[in-house]
Amino acid sequence: MIDNNITLPTLTLARGKEESLDRFHPWIFSGALRGVPADLEEGATVRIQASDGRIIGVGHYQIGSIAVRMLDFADIVPDDEFFAGRLRDAYRLRKALGLARPDNNAYRLVHGEGDFLPGLVVDVYGPTAVLQAHSVGFHHLRHVIARALVELPDAGIRNVFYKSETTLPYKARLDPVNDYIIGHYENDEATENGLRFHIDWLKGQKTGFFLDQRENRALLRTLAHGRKVLNTFCYTGGFSVYALAGGAVHVDSVDSSAKAISLTDANVALNFGAEAAHRSFAVDAFKFLDNMEQGAYDLIVLDPPAFAKHRSALRNALRGYQRINARAIEKIAPGGILFTFSCSQAVSKEQFRLAVFSAAAQTGRKVRILHQLTQPADHPINIYHPEGEYLKGLVLYVE
Ligand code: SAH
């Protein structure tokens, strides 16, 4: 790892800008750098030095507001073995968490900063890993990462699908193509907590499935018995499948995307056959909530997409959360249970709670918090990078 024959280009921090790095925060904003040589290539591995000449560590350089994503806080040259080691560490953690097992072969193997690999996401679906680069540095390293993935002892990964068409900076003109870089299509089925799901990594959102709701879906299964369930923003129907598995009387799934609705229907059929007590609606969830009958459901899931992708959209996002929560709390049957989420990183836990509490107050109903939910352990939060905590959820009991 320490190869004295290689010297990395060095970037120097402006005076006083080393403070957050001394606390191991993994990002350097462009304004914190004293300057960048004109010939420095995007995605290059760079050495970072403080204004007093002290070497702070190494990272990937990129044009944009986050100029460097730190890979290590030591004066090293990260080679292929460095990345293979990080992947082995990540897999060891998933094994220790009990996530790689015969009845559960879908899990997040690499969660960016949470696995000390900022800019890289890897989701595993049985024998296939879906690799997503969010930084130019990891785009250049995609073959190194892919090889290391299939070489992971015991992980059973044979195929690596690269899916970065929408995650890399457009201006970098890398023209990535979504395709297999090792292996080929084998099957599209994965197992989560004993339930089966088709995963559409070719065309689906993100890597094809929202693994971050696994534990929250499992909780819903334990509460669904005998209930009439509404799952809004259902995408692949994860919550719907778990609700049926938990003994729901019937489940209605809503998503504005017809593609999502057909994925949901297919996943329900895969687990429960064509006769399942399930209906699906390709309609706008806001409209559905506005028009639904009072008391039609006694378990409702609200899991919308990130309403605020950026701070500028915050006010509208909070209004959106308040509106859907107010409708659900107002109309849920007495004794109803509401699962409500926000996955917007720009919306804080407090802001989300306030939006939900305001919605509850607006309806005048008695509401209690049963559970406070977050992302699961295969989406770990690097303690020096609190921005990594993005998923927030509440389970409410409505009298
Ligand atoms: N709950 C899902 C993930 C939700 S992703 C799971 O557990 O897997 C968000 C979904 O909301 C997407 O499928 C998207 O198509 C859908 N969506 C976005 N805007 C919508 C709207 N206005 N009405 C209904 N669905 C919407």
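The shown structure was predicted, so the numbers you read here are calculated from the model rather than taken from an experiment. Computation of the quantities below employed the complete heavy-atom set of this structure, encompassing side-chain atoms and omitting hydrogens, waters and symmetry-equivalent molecules. We count ligands from 1, going down the list as the structure has it; atoms in each ligand are counted the same way. One is the number of the first residue; the rest follow in order along the sequence.
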- Query: Any Lys/Arg nitrogen of Glu151 or Arg147 sitting under 4.0 Å from an Asp/Glu carboxylate oxygen of the other?
  - Reply: no
- Any Lys/Arg nitrogen of Arg158 or Glu186 sitting under 4.0 Å from an Asp/Glu carboxylate oxygen of the other? yes
- Task: Say whether Gln205 and ligand 1 are in contact under the criterion: heavy-atom distance to a ligand atom below 4.0 Å.
- Result: yes
- Message: Between Asp103 and Arg196, does any side-chain N to carboxylate O distance fall below 4.0 Å?
- Response: no
- If you have a sec, work out which protein heavy atom is nearest atom 22 (N) of ligand 1 and how many Å separate them, to one decimal? Asp284 OD1, 2.8 Å
- So, does Thr232 sit close enough to ligand 1 that a heavy atom of it is under 4.0 Å from the ligand? no
- Ala285 near ligand 1, heavy-atom distance under 4.0 Å? yes
- Consider ligand 1: state whether an atom of it lies below 4.0 angstrom from any non-hydrogen atom of Lys259. no
- Message: Would Phe233 count as being in polar contact with ligand 1, using the rule that some N or O on each side must be under 3.5 angstrom apart?
- Response: yes
- Message: Below the 3.5 angstrom mark, is there an N/O of Gln213, backbone or side chain, next to an N/O of ligand 1?
- Response: no
- Short N/O distance, under 3.5 Å, between Pro304 and ligand 1? no
- Can you tell which of Phe288, Phe210, Phe307 gets a heavy atom nearest to atom 8 (O) of ligand 1? Phe210
- Backbone or side chain, does any N or O of Asp303 fall under 3.5 Å from an N or O of ligand 1? yes
- May I ask you to decide if the ring planes of Tyr297 and Phe288 are parallel, tilted or perpendicular, using 30° and 60° as cut-offs? tilted
Donor-acceptor contacts, no H, no angles, side chain residues 120-130, under 3.5 Å, sequence neighbours left out:
| residue | atom | partner | partner atom | Å |
| --- | --- | --- | --- | --- |
| Asp123 | OD1 | Arg108 | NE | 2.7 |
| Asp123 | OD2 | Arg108 | NH2 | 3.1 |
| Asp123 | OD2 | Thr207 | OG1 | 2.6 |
| Tyr125 | OH | Thr207 | OG1 | 2.7 |
| Thr128 | OG1 | Asn159 | ND2 | 3.3 |

- Basic-acidic side-chain contact under 4.0 Å: Asp212, Arg217: no
